[in-house]
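As structure tokens, the structure follows; a few thoughts come after it.
The sequence lines fix the lettering, A, B, ..., with proteins before strands; numbering per chain opens at 1. Since the model is a prediction, treat every value here as computed from it, not as a measurement.
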Amino acid sequence: MVEMNDAHAMKTKGARGRLRRFFSGIPVLGWLLGALVAVVLEHYLGDPLVDRIGLDKIPVLFGAVIILKKPLMIPGAAVFLLLIYVIPIAVVARAGKTLSNRLAGALMRFPIAVPALVHLGLLYGAIHIWSDVSAYRVLTLKLTFVAIMLTLSLNVINGYMGEFSCSHPGFMALGAYGASVFTVLLFSSDRLFGDPLLPEALGPFLFPAGLIFGGLIASLGALVIAIPSFRTRGDYLAIISLAFLFIVKSMIENLEFVGGPRGLSGQPNYANLPTVFIWTVLCVWIINNFVRSTLGKALNAVRDDEVAADAMTVNTRRTKMVAFMFAAFWAGVAGGIYAHVLRYVNPGTFGIQKLAEVLAMVYFGGLNSVYGSITGAVSLSLLSEALRPLEIFKWIIIPLLLILVMIYRPTGLIAFREFDVRKVMQPKSNRDDEV
Amino acid sequence: MRKGLVFVAPLLIALGIIGLMASPCALAKAEVIKIGINAPMTGDIPKVGEGSKYAARMWLNDIEANGGLEVGGVKHPVELVIEDNESKAESAVKVNTKMITEDEVLVIVGPQSSKQAVPAGGVANNYETPMISPWSTNPDTTKDRPFVFRGCFLDPFQGPVVANFITNEFGYTKAAVLYDVASDYPKGLAEFFKQAWEKLHGKGSVVAYESFTTKDADFSSQLSKIIRSGAEVLFTPQYYNEVALIVQQAKELGWQNPIVGSDSWGSAETVELCGEACYGLFFSTHYAAAGATGKTKAFIERYKEKYGYVPDDVAALTWDSLGIVETAIQKCGKITGKVEKDRNCIRDAMAKVEQYDGITGQMTFTEEGDPIKCAVIVKISDQGEYEFYKSVCP
């Protein structure tokens, strides 16, 4: 992928090609360092600069929110973005090119865990300082992370396995309620469950257990539909999984001990930004390893031709079941985090609208691709924040975009691309010299 | 050369802007009072969002006509921040967070339905920003949240009101209930009605307690059961689209007795969809449009003239909530421009609002955040108008 880009850059003429060549050969580490410098700059110089250029506040989501609300501030926001983000990132990344390449090269000599942790540490540092500016950023980030997990887990079924599953909000609901019941019952005093059973100090440490519990409940739900429905394929699975979604919703509506249609509130505030970030990283890492493993390849084989896969000794039934339950588990974990971010769940949330949202993210971003899921989740989350002031027209623009993507890139923006962690972190200067 | 231009051009623009902005900032102005409106403009119930938005705009027009909101002798300009919560819980939370931290509103009016008001109220309370939900009836919205208020009465009050009304008016002792089990409002109200009825007439006096699920359209089996049970009156706390179906189907099956409803009948659509079948029926609500007098009448007429239809209860309650906010800000005495301080001051003033004379009745607030106010029993007249019948106070 990288070689292709470089070669492409060589061929393209004009300013764009030159710009691209100017910035080629910078490793991810370099960009991360640039981002870190930018957010530190914003943290310390943001407010004075904002006063100087006549903005009210630091443009919260790169100006996306004010574009439609206060068009007069667009030039100010553009200047801010340029001074705080574009120029510092470009300068640091370009100037530190040799250094960051050497650093990346040195890191790669350690076991893979070391450079991975360094990169993630830098990424989290940048995110943390960035989100420190406003609580709105923190919330948007958390919900975007949840969207990434959901999209990725649905991609395992709809992309890698090639089935069309509609039950994802159902799994999410199971996970959300599972994890909520776990934490509310054990650690918080509540109208429905009464006093906590365990001391509250233990709560944050057992929160992962709660999330895993929620995920396991979702997997159990997946098993329930997998047994009868994997005798069928295609449309039939779509219909059965849709039915499952409605079953889960009505079941929770009729379960009085979790509040019925009124919903369940009072979840303790455990889902802070680092927790959500760590779970998202875990999710991306594990799902990425899963789809690149033998089982993942078997899954692709089943998608492309089940009979042929069977002939090649792939246990198709087991493969499908495992993948389905695995995806449901992560949807459940995402649901659990979602419930603790909002600190309230009700069954009405997990309906067709949620399904449409997740499906849109998967197909917009790209099938069969971890990059694609991340892109889809992040871009649609940001877009829906930015277009909020348009009210009803937002629901015309987003579907239109989706239609356009489907026409020009039928499998989504970044489909069928492998996410190779080692390759991403590698230094890039050597290859540049060769070229 | 070109590369240089790429960098230089924006810098020039930046310098120009700095020059432009530097001059007019020096003038001292009265602090702007920002009020957030968190409403469902899109999603399941866009009509509710529209009603809230229109009522808020009308209120703003009044304030602007006065040259601002006068607090302690200073006229402050008012700005409304209207945001769409898409009728989703997560969006309502995002909108609240954004309005509190980015727009720095002093008060939030909304969200309307409980599924958004409960989580959004949590955010408002955490950031110590007063919030008043005009329409949410779920007790959790305001429970243990000193900064969250509501503009309507609660279901534990409305249930007994209806039960008492039926008993006094008709003298019946056997009632039937038909409600949507999947929707929180009808379900809660059905339960409170049952409790109140059984308290009045003893156990087993609710002879049929039938349920259905949202979007059901055929109620014949439940209605047949209700008719067979020998009930004398049917209580159905449903929304307008279901009310029309239930009433019409009941009449077709031979039900002759009264059908009584709750404030969810209050939409103008009820009569439009139901037609003559609904004439003569009663329901409890926040205010009656037909035969209204004084302030209420003035509001309805202005709204109708401006937007072309009779406002439903959401618009009226939003109007009143804004009125309460206005009163609280004025009682606060001074807007300092320090957001935290002003918010606390407004909250304290709001918890002490006494006998506020709104268009949906007189309201008194307590520290709990729930108003003490009267309910209205409305009769649907033979012209299909909502006529005031009587008022029931706690």
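For B/D140, the part lying under 4.5 angstrom from a heavy atom of chain A is the side chain only. Heavy atoms of B/K88 lying under 4.5 Å from chain A belong exclusively to its side chain. Using a 4.5 Å cut-off between heavy atoms, A/I392 touches chain B through backbone and side chain atoms alike. At a 4.5 Å heavy-atom cutoff, A/N269 makes no contact with chain B through either its backbone or its side chain. Proximity to chain B is absent for every atom of A/F80, based on heavy atoms less than 4.5 angstrom apart. Contact annotation for B/N126: only side-chain heavy atoms (C-beta onward) come within less than 4.5 Å of a heavy atom of chain A. A/R343 touches chain B through its side chain: at least one heavy atom from C-beta onward sits under 4.5 Å away, while N, CA, C and O do not. Contacts between B/E104 and chain A at a heavy-atom distance below 4.5 Å involve the side chain alone, from C-beta outward. For A/Y344, the part lying near chain B is the side chain, with the backbone staying farther off; criterion is any non-hydrogen pair under 4.5 Å. In this structure, chain A has heavy atoms under 4.5 Å from both the backbone and the side chain of B/K94.
B/I108 places a side-chain heavy atom less than 4.5 Å from the side chain of B/I100.
The pair B/K98-A/E385 fails the salt-bridge criterion, with no side-chain N (NZ, NE, NH1 or NH2) lying under 4.0 Å from an Asp/Glu carboxylate O. In summary, A/R137 and A/E42 engage in a salt bridge, as defined by a charged side-chain N under 4.0 Å from a carboxylate O.
A perpendicular orientation is assigned to the rings of B/F212 and B/F219, their planes being inclined by more than 60° (bins at 30° and 60°).
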Subject >> Stepwise side chain to side chain contact (heavy atoms under 4.5 Å, CB included) check, B/E50 with B/Y54 >> reply: CA-CA 6 Å; B/E50 191 185 270; B/Y54 287 166; 3.4 Å; yes

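Pairs engaging residues 243-253 of chain A under the side chain to side chain donor-acceptor pair (under 3.5 Å) rule: none recorded [sequence neighbours left out].
Under 3.5 Å, the side chains of B/E102 and A/S134 contain a donor-acceptor pair of N or O atoms.
With respect to chain B, the highest number of heavy-atom pairs below 4.5 Å among A/G263, A/A135, A/G259 belongs to A/A135.
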